[in-house]
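Structure first, then comments.
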Amino acid sequence: MNNQYMRKDGRAYNSLRNMKMEVGVLNNADGSAYIECGHNKILVGVYGPRELHSKKHSKPDGAVLRCKYNMAPFSVKERKRPGPDRRSTEISKLISEAITPSIFLEKYPRASIDISIEVLEAEGGTRCLSIVGASLALADAEIPMKDMISACAVGKVDDHIVLDLSEEEDQTGQADMPVAIMPRTGEITFLQMDGHLSDVEFEKALQLAYDGCYFINKLQQQTLLTKYGGDTRGKYNL
Ligand code: UDP
């Protein structure tokens, strides 16, 4: 491993792709966010909390968080068949699980909070960016949260541990490890591993993921401040 290693797209091992975040981009959702990272473009809308009439699906002790991740047919090089598939069902579930620890769901019994994620363009890392965008949209919807969850992928490419894998690095690399954390506590709310890392590589990769997540969390906070100034209107209840 060498810290001078230059990646195919010119980035250093610890560089994120260029990121852009915005909140309040949709008029008809209770909260929304748009996020770009490299060539990824993701739009998130949040509805709720709203009463869930179905007794079968509602919970007496808190809100139900429902999350739908969808890739547009034009979001990838090879046209994606519209509609849900195994991958999008899995990603929807993991995003919901990654975000749940941050929300005071107990404040809204028998209610639902719905998160719709539309991937408009994908270039590797969409599950992590969806978590980042969903947390922003929840804050924009004024849903009480302990913190905004931040996420990024780390992995191993050409024997180097790198941050924020591109699609090519994801496909040709030796390992891919997307991680989400609650920055205030450092709690890991989601971690997947595809490939193999030694113990030493895992420790290095995890530290890099923490560094990436803390940086992204600052951008998330900045994004809310840019939109709402010093007055975050209780959108980020620490
Ligand atoms: N991808 C694709 N077609 C698909 C699914 C994924 O071209 O049907 C691309 C897309 O750029 C995605 C990348 O492969 O971002 C990596 O996909 P993965 O399943 O690892 O999820 P992600 O890294 O986006 O969380």
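Starting from 1, each residue takes its place in the sequence as its number. Atoms within each ligand, like the ligands themselves, are counted from 1 in listed order.
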Inset, instruction - Would you please say whether a donor-acceptor pair under 3.5 Å links the side chains of Gln192 and Glu90? - result: yes
Inset, instruction - Inspect the contact between Asp9 and Arg17 and indicate whether a charged nitrogen and a carboxylate oxygen are less than 4.0 angstrom apart. - result: no
Legend entry - Proximity of Tyr5 and His160 rings by center, below 6.0 Å: yes
Inset, instruction - Report the distance from atom CD of Gln220 to atom CE of Met148, rounding to the nearest 0.5 Å. - result: 5.0 Å
May I ask you to check whether [X] has an N/O atom sitting below 3.5 Å from an N/O atom of ligand 1?
X	result
Thr126	yes
Glu167	yes
Gly125	yes

Legend entry - Any Lys77 heavy atom less than 4.0 Å from ligand 1: no
Heavy atom of the protein closest to [atom] (residue, atom name, distance):
atom	result
atom 19 (O) of ligand 1	Arg87 NE, 2.7 Å
atom 14 (O) of ligand 1	Gln171 NE2, 3.8 Å
atom 15 (O) of ligand 1	Gly124 N, 2.8 Å
atom 3 (N) of ligand 1	Val76 CG1, 3.6 Å
atom 16 (C) of ligand 1	Asp170 OD2, 3.3 Å

Legend entry - Evaluation steps, salt bridge (Lys or Arg N to Asp or Glu O under 4.0 Å), between Asp30 and Arg50: CA-CA 10 Å; Asp30 295 318; Arg50 52 188 178 174; over 6 Å; no
Inset, instruction - Report yes or no: is the cationic atom of Lys41 (NZ for Lys, CZ for Arg) under 6.0 Å from the centre of the six-membered ring of Tyr34, at an angle within 45° of the ring normal? - result: no
Inset, instruction - Identify, by atom number and element, the atoms of ligand 1 in contact range of Ala122, meaning under 4.0 Å from any of its heavy atoms. - result: 10 (C), 11 (O), 15 (O)
Legend entry - Sub-4.0 Å atoms of ligand 1 with respect to non-hydrogen atoms of Arg127: 18 (P), 19 (O), 20 (O), 21 (O), 22 (P), 25 (O)
Inset, instruction - Check whether any side-chain heavy atom of Ser166 sits under 4.5 Å from a side-chain heavy atom of Arg11, and report yes or no. - result: yes
Inset, instruction - Flag the pair Leu43 / Leu26 as yes when at least one side-chain heavy-atom distance between them is below 4.5 Å, and no otherwise. - result: yes
Inset, instruction - Mark whether atom 23 (O) of ligand 1 lies under 4.0 angstrom from at least one protein heavy atom. - result: yes
